[in-house]
2 protein chains.
Amino acid sequence: MFNMEPEVLERFTWYMREQSALTVMFHARVAEQMGLSATDEKCLDLAMRADGPLTAGRIADLSGLSTGAVTGVIDRLERAGYVRRVRDPHDRRKVLVEVTVGDVDKFGEPFEKARDSMVEVLGHFDEDELQVIERYLKLQTETFRKRVIDT
Amino acid sequence: MFNMEPEVLERFTWYMREQSALTVMFHARVAEQMGLSATDEKCLDLAMRADGPLTAGRIADLSGLSTGAVTGVIDRLERAGYVRRVRDPHDRRKVLVEVTVGDVDKFGEPFEKARDSMVEVLGHFDEDELQVIERYLKLQTETFRKRVIDT
DNA sequence: ACAAAATGTCTTAGCGGCTAAGATGTTCAA
DNA sequence: TTGAACATCTTAGCCGCTAAGACATTTTGT
C-alpha cells in the first residue's frame, strides 16, 4: 500500500466526526417530526430495518434497553399507530412487533430532504466514480460494524 | 447528467440508513465508555468540535436542550473532569465551557477502533480513488448540513 | 406425565434528567 | 440612574429508565 500522509487521515477523521454529529441531529429531527422520543424512534428504526418482525426481547438486546423499558416503547409506538403487537403462534410467551406502516420514505420531511440531498450529491459524480463511492460505503459499513459495534 | 437507475439509489439509501444506525450505536458506546449519558456526550462533542469555547446558552441552542438542562450537563461534565466553567471576562453573565482534555483520540477504545477501522477501509483504495471519496465526503457533509439540518 | 427450571414479557418502586417558570446577577439603553 | 434585556441557575413536577420480581408459557429431567 502507498504512503498515506497524516493530514489526509486527519481530514477523513474530521469528515467522519462531522457526519457522525449530523447523523445524531438528523435522528433527533426525524423523531421530533414523528412525535416520538429519540429512544422510540431508534427502536422503530430497528424494527423497520430487520428482516422479519422482532420480538420485544430482541429489541431490548439491540437497543440496550431493559425489557421493562421496551414494554413502554412498544406501548407508545402501538398507541401512535406505528406498530402492532402479535403473539408468536409457535411460542406464545413471545411478542412479535410488526411494523404497520408501508413505505419508509413516507416518514416525513426529514427523510425526503435526506434523500434529495443524497441525489444532489451523487449527481456530481460519473458512473466510475459512483462505483468507487459505493465500494467505499459498502466496505465502510461492513468494517465499522465488525470492528467497532460487534466488538 | 447520466441516467441513474432506481436500484442504485436504493442501494445507496440502504448504506446511508445502515451507517446512520451504526453511528447512533457508536455514540452510545463512546458515552458508556466515558461514563456519560448520551446527552452529556453529545454536548461534550459539540464543545470539542467548536472553534473556541462555547457558552452554556450556545450549547442549549445547538443541543436543543433547555438552559436548565444544560446547567446539569455542565455540572456533570465538570465533575467528571472533562470541562471547566470560566466566566467570560467581557460579559460576566456568560459562562464559557472550556474542554480540559487534550487529544480527542485519547477518548477511549471506541474512538481508536473507529480510527483503525477507517484506516483499514481506506487502505483498499488507491490515491485517485481516495480523492473521489474525499470529494464525496466533503460534499455529502456540506450538502446534508445545508439541506437537512439548517433547514 | 409431571414437577422444576428456564424463558419471555409485563408490572412496579424508586431514581434521575428534562421542561417550564421564575430567581439572580450582569449589561445595555434612554 | 433606572428599567429592560440578557445569560445562567434554581426549583417543582413530570416522564422514562433500571432493577427486581410477578406472571404466563415452554423446556428439561426423571
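Note: hydrogens, waters and symmetry copies are ignored here, and every other heavy atom, side chains too, is used. Fair warning: this is a prediction, and the values are worked out from it, not measured in the lab. So you know, we letter chains A, B, ... as the sequences are listed, proteins then strands, and number each from 1.
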5'-most by nearest nucleotide on DNA chain D - A/G64 or B/R87: B/R87
For A/D91 and A/D40, find the nucleotide of DNA chain D closest to each by heavy atoms; which residue's nucleotide sits nearer the 5' end? A/D40
Atom CG of B/D75 to atom P of D/dT8: distance rounded to whole Å? 13 Å
Tell whether A/T39 reaches the base of D/dC17 with its side chain through a donor-acceptor pair below 3.5 angstrom. no
Donor-acceptor pair, B/T141 side chain versus B/K138 backbone, under 3.5 Å? yes
With sugar-phosphate meaning primed atoms plus P, OP1 and OP2, does B/A56 contact a base, only sugar-phosphate, or nothing at under 4.0 Å between heavy atoms? sugar-phosphate
Check the distance between C/dT26's P and B/R92's CZ and give it to me in whole angstrom. 5 Å
Roughly how many Å is it from CG in B/D88 to P in D/dA7, rounded to a whole number? 11 Å
In whole angstroms, the gap separating C1' of D/dT8 from CG of B/L54 amounts to 15 Å
At under 4.0 Å between heavy atoms, what does A/G72 touch on the DNA or RNA strands: base, sugar-phosphate, or nothing? nothing
Under 4.0 angstrom between A/R76 side-chain N/O and D/dC17 OP1 or OP2: yes
Protein-nucleotide distance (A/L62, atom CG; C/dG8, atom P), rounded to Å: 14 Å
Starting at atom CZ of A/R58, determine the distance to atom C1' of C/dG8, rounded to an integer number of angstrom. 14 Å
When all nucleic acid strands are considered with a 4.0 Å heavy-atom cut-off, which category describes A/S37: base, sugar-phosphate, or nothing? nothing
Atom-to-atom span, CG of A/L65 to P of C/dT11 - whole angstrom: 17 Å
Does A/R85 place a side-chain N or O at less than 4.0 Å from the phosphate oxygens OP1/OP2 of C/dC10? yes
Grab the two heavy atoms, one from A/R87 and one from A/R93, that are nearest each other, plus how far apart they are. NH2-O, 3.0 Å
Please determine whether side-chain contact (heavy atoms from CB on, under 4.5 Å) holds for the pair A/L9 and B/R115, giving the CA-CA distance in whole Å, both sets of side-chain angles, and the decisive distance to 0.1 Å. CA-CA 9 Å; A/L9 205 57; B/R115 195 184 183 91; 3.9 Å; yes
When only distance counts, do a donor and an acceptor, one from the side chain of A/R93 and one from the base of C/dT7, lie under 3.5 Å apart? yes
Exercise: identify the closest heavy-atom pair between B/D45 and B/R49: OD2-NH1, 2.7 Å
Can you tell if the side chain of A/K113 reaches within under 4.5 Å of the side chain of A/D116, non-hydrogen atoms only? no
Rounded to whole Å, please give me the gap between NE2 in B/H90 and P in C/dC28. 12 Å
Taking the side chain of B/V95 as heavy atoms from C-beta outward, which of C/dT11, D/dT8, C/dT19 is closest to it? D/dT8
Nearest of D/dT18, C/dC10, D/dT8 to any side-chain atom of A/T71? C/dC10
